[in-house]
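In what follows, a single structure is set out as structure tokens and then discussed.
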Amino acid sequence: MNISETQTPFDINDYIRLEQMPHFLCPGCGHGIALRALLWAIHELKIDKDKLAVVSGIGCSGRLSAYIDANTFHTTHGRPLAYATGMALARPDLHVIVITGDGDSLAIGGNHLIHACRRNLNMTCMMLNNEIYGMTGGQVSPTTSSNRYTTTTPEGNTEPVFDACALATAAGASFVGREVTMQVTGLKNLLRDGIEHHGFSFVEVISDCTEIYGRKNDLGMSPEMLLSQKATMRPDAYRNTVDVPFRPNALECGVLAKADRPEYGCATREKNARVQAKAEGK
Amino acid sequence: MANLINLQGNQACAMGAIAAGCRFYAGYPITPSSEIAETMARELPKVGGVFIQMEDEIASMGAVVGASMGGAKAMTATSGPGFSLKQENLGYACASEIPCVIINVMRGGPSTGMPTRPAQGDIMQARWGTHGDHPIIVLTPASVAECYTETIRAFELTERLRVPVIVLVDEVIGHLVETVDLEALAPKETIERRFATGPADGFEPYAVTDDMVPPFPRPGDGYRSHTTGLTHLPSGFPTQNPEKASAALLRTTDKLDLHADLIEACEIIECDNADIIIATIGISARAAQQAVTDLRAKGIKAGLFRPKTLWPFPEKRLKEVAKNAKIILVPEMNQGQLILEIERLMARHMPVIGLNKINGEAITPAEITAKVSEVLA
Ligand SMILES: Cc1ncc(C[n+]2csc(CCOP(=O)(O)OP(=O)(O)O)c2C)c(N)n1
Ligand code: SF4
Ligand SMILES: [Mg+2]
């Protein structure tokens with residue numbers, strides 16, 4: 001479908017709570033770019049805002065839900081997928097989107113993430129990976145690159161990182177993708193495909209914490225950090241170009257895994273309907 | 001015609017939940033509560049409900065709150081160690097006023113303790129088990145019939161008041177089998193949450209209403225409101241304004257005072273002219289009731305005070321009932337938890353004496369009568 005022909009142009013003001021502005025994100029924070037891409041995807045999918053439920057965890061990433069003009073739920077640290085599971089099962093008529101951070105979903109909430117992937121309940125999980133605990137002032141996270149400085153790794157990080165997409169794929173997520181905030185259109189498309197996918201979709205967004213992580217590691221300001229995404233990632237759009245010296249081990253972006261597995265909610269409802277019919281003597 | 005069946009306390013909790021309209025259950029197996037999950041797994045689909053076994057108790061509690069935020073009547077059940085894990089998300093439900101029922105079938109503790117043995121060690125965990133000042137209602141059934149009716153009452157209170165309700169059962173009551181007539185005990189009508197109606201424009205999800213229970217904006221009904229565990233304004237959005245923050249927090253606890261008559265429930269047996277009042281809950285109250293009969297037969301004027309609503313503690317009732325008593329005895333299967341509350345209320349007026357047992361066995365009527373004789377001697 002050629003979306004541009006069938007749609008009114010995207011205006012972010014139609015999807016945010018203007019009365020909540022100014023937002024609390026630091027200048028240049030990648031999370032704002034991700035929010036824009038998400039709302040753009042929602043616009044293209046023509047999702048009814050009344051039927052949209054956004055469930056977020058705790059962190060700078062978690063604060064995004066408050067800015068979205070929808071049914072929004074800012075839950076507890078690491079647990080938004082658990083809340084979303086209950087909501088999606090109780091209300092299959094809602095589009096459930098989870099916003100989480102790298103600490104939220106890979107550290108404290110790691111157990112919920114792997115089980116959400118395994119269950120394959122219809123929802124989309126957008127994970128904003130800025131390699132740091134932004135909200136709490138810059139402590140090390142399960143995705144902090146090696147030797148990077150954080151307030152709790154004063155001599156540089158020695159812990160290995162999680163590859164969130166490999167983890168989600170191994171745990172059974174039926175749609176897995178990664179994109180960088182530098183590629184807003186690509187990110188929007190990936191989120192759109194993820195939301196459209198019937199099952200559990202996991203989208204990792206490489207986002208920048210400019211104010212804390214960037215500063216502490218001398219990574220420059222927001223433009224420099226965005227540009228360096230090119231060097232460390234492998235955005236789809238740049239895969240075949242020669243203008244950027246990609247690192248040989250660059251993280252891949254785009255759709256990384258897709259599987260056709262039974263969706264948990266439908267499977268459960270079908271089974272339950274049979275039990276109910278029998279109980280009612282039909 | 002009476003429709004009598006033999007039912008276990010845990011099963012009765014599950015059947016009560018379904019009768020009250022519970023249509024979502026999320027849990028994680030733990031002795032001695034697992035029959036509740038097993039009964040829900042079998043029975044909920046029959047009435048169009050959803051059962052899910054989550055990856056742990058934290059997730060179970062999250063899923064229950066999530067389902068309730070979606071508008072469903074939702075419940076979970078556990079025992080002490082699992083309750084500890086539910087506490088953070090329980091605090092969220094208290095702060096954001098999300099109705100939910102949590103059943104805690106107590107076992108011996110701390111830690112894994114004696115998983116299959118009874119105890120009443122979570123009296124304080126149930127009251128204080130989450131961070132910060134928070135409103136909570138705790139009900140304590142003492143029979144299989146009450147497991148059914150108190151779970152129904154738990155749903156009525158949580159849906160009506162938007163305060164999480166804990167049903168605190170001890171292992172003996174949870175595993176006790178008694179003959180009950182569920183049809184006779186079933187509610188004539190179910191109590192439903194007041195969902196927001198009317199214009200979405202200018203709607204405030206936490207508006208201060210006369211009854212201090214704001215109507216609940218159900219997702220999909222057009223309100224598109226925000227729910228957060230951050231201290232929030234009537235608009236639902238966070239605030240750190242000192243006056244507004246304390247007003248918001250106070251409303252959630254003041255609400256319990258306003259509705260005290262609705263919440264309060266206790267059983268009072270032979271207390272009118274009693275010299276000695278035995279105050280206790282659950283299986284210990286069953287033993288105490290027998291002890292009262294035995295003591296009265298011996299000419300000792302004993303009475304039983306049994307809070308069915310344990311928290312908020314029915315303090316006015318206890319003070320009224322115990323006005324002319326000489327002694328209060330508090331038998332409990334822990335090292336002294338309920339007694340702390342009773343001492344707080346009554347120690348100025350009369351001796352308050354504990355009878356404690358923590359060996360994994362229930363307190364017997366004989367132990368209570370012996371203690372009474374010792375105290376009176
Ligand atoms: C139970 C609990 N533990 C710790 C915290 C403190 N805390 C708040 S946000 C956060 C980390 C957030 O990091 P991340 O998920 O990466 O989000 P970001 O701020 O980077 O977007 C932590 C540890 C909390 N709120 N709750
Ligand atoms: S602290 Fe970092 S992640 Fe948080 S808003 Fe600022 S830049 Fe963004
Ligand atoms: Mg982070």
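Throughout, protein chains are lettered first and strands after them, A, B, ... in sequence-line order, and every chain is numbered starting at 1. Bear in mind the structure is a predicted one, so any value in this text is a computation, not a measurement.
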Are A/Glu44 and A/Lys188 ion-paired here, with the side-chain N under 4.0 Å from a carboxylate O? yes

If I measure from the heavy atoms of chain A, does B/Ala59 come under 4.5 Å with its side chain, its backbone, both, or neither?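 Answer is both: backbone and side chain atoms of B/Ala59 are under 4.5 Å from chain A.
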
So for B/Val50, is it side chain, backbone, both, or neither that comes closer than 4.5 Å to the heavy atoms of chain A? both

Is there a side-chain contact between [X] and [Y], using heavy atoms and a 4.5 Å cut-off?
{"X": "A/Thr124", "Y": "A/His197", "result": "no"}
{"X": "B/Ile166", "Y": "B/Val101", "result": "no"}
{"X": "A/Leu121", "Y": "A/Glu263", "result": "yes"}
{"X": "B/Met54", "Y": "B/Tyr28", "result": "no"}
{"X": "B/Phe237", "Y": "B/Thr228", "result": "no"}
{"X": "A/Val96", "Y": "A/Val55", "result": "yes"}
{"X": "A/Leu81", "Y": "A/Thr100", "result": "no"}

Hey, would you say the A/Tyr15 and A/His43 ring centroids sit under 6.0 Å apart?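 Yes.
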
Is the ring centre of A/Tyr83 less than 6.0 Å from the ring centre of B/Tyr92? yes

Using a heavy-atom distance cut-off of less than 4.5 Å, which residues of residues 111-120 of chain A contact chain B?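 Hits under 4.5 Å: A/Asn111, A/His112, A/His115, A/Arg119.
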
Pick from [options]: which one has the most heavy-atom pairs with chain B under 4.5 Å?
{"options": "A/Asn272, A/Thr72, A/Thr268", "result": "A/Thr72"}
{"options": "A/His77, A/Lys51, A/Lys49", "result": "A/Lys49"}
{"options": "A/Arg274, A/Gln20, A/Glu280, A/Lys271", "result": "A/Gln20"}

Could you have a look at [options] and say which one has the most heavy-atom pairs with chain A under 4.5 angstrom?
{"options": "B/Ser68, B/Gly49, B/Gly91, B/Gly70", "answer": "B/Gly70"}
{"options": "B/Arg23, B/Met61, B/Glu88, B/Arg224", "answer": "B/Arg224"}
{"options": "B/Gly229, B/Gly48, B/Ala74, B/Ser96", "answer": "B/Gly48"}

Please classify the contact between [X] and chain B as side chain, backbone, both or neither, with a heavy-atom cut-off of under 4.5 Å.
{"X": "A/Leu89", "result": "both"}
{"X": "A/Ser65", "result": "both"}
{"X": "A/Arg269", "result": "neither"}
{"X": "A/Ala66", "result": "both"}

Does a donor on one side chain sit under 3.5 Å from an acceptor on the other, for [X] and [Y]?
{"X": "B/Gln125", "Y": "B/Ser84", "value": "yes"}
{"X": "B/Lys86", "Y": "B/Thr76", "value": "yes"}
{"X": "B/Thr252", "Y": "B/Arg162", "value": "no"}

At their closest point, which heavy atom of A/Ser105 faces which heavy atom of A/Met127, and how far apart are they? OG-CG, 3.1 Å

Those residues of residues 213-222 of chain B, ordered by number, that approach chain A below 4.5 Å (heavy atom to heavy atom):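 Near chain A, by residue number: B/Arg218, B/Pro219, B/Gly220, B/Gly222.
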
Decide yes or no on salt bridge (charged side-chain N to carboxylate O under 4.0 Å, His left out) for B/Glu97 and B/Arg251, but give the supporting numbers first. CA-CA 11 Å; B/Glu97 298 175 81; B/Arg251 181 181 56 72; 2.6 Å; yes

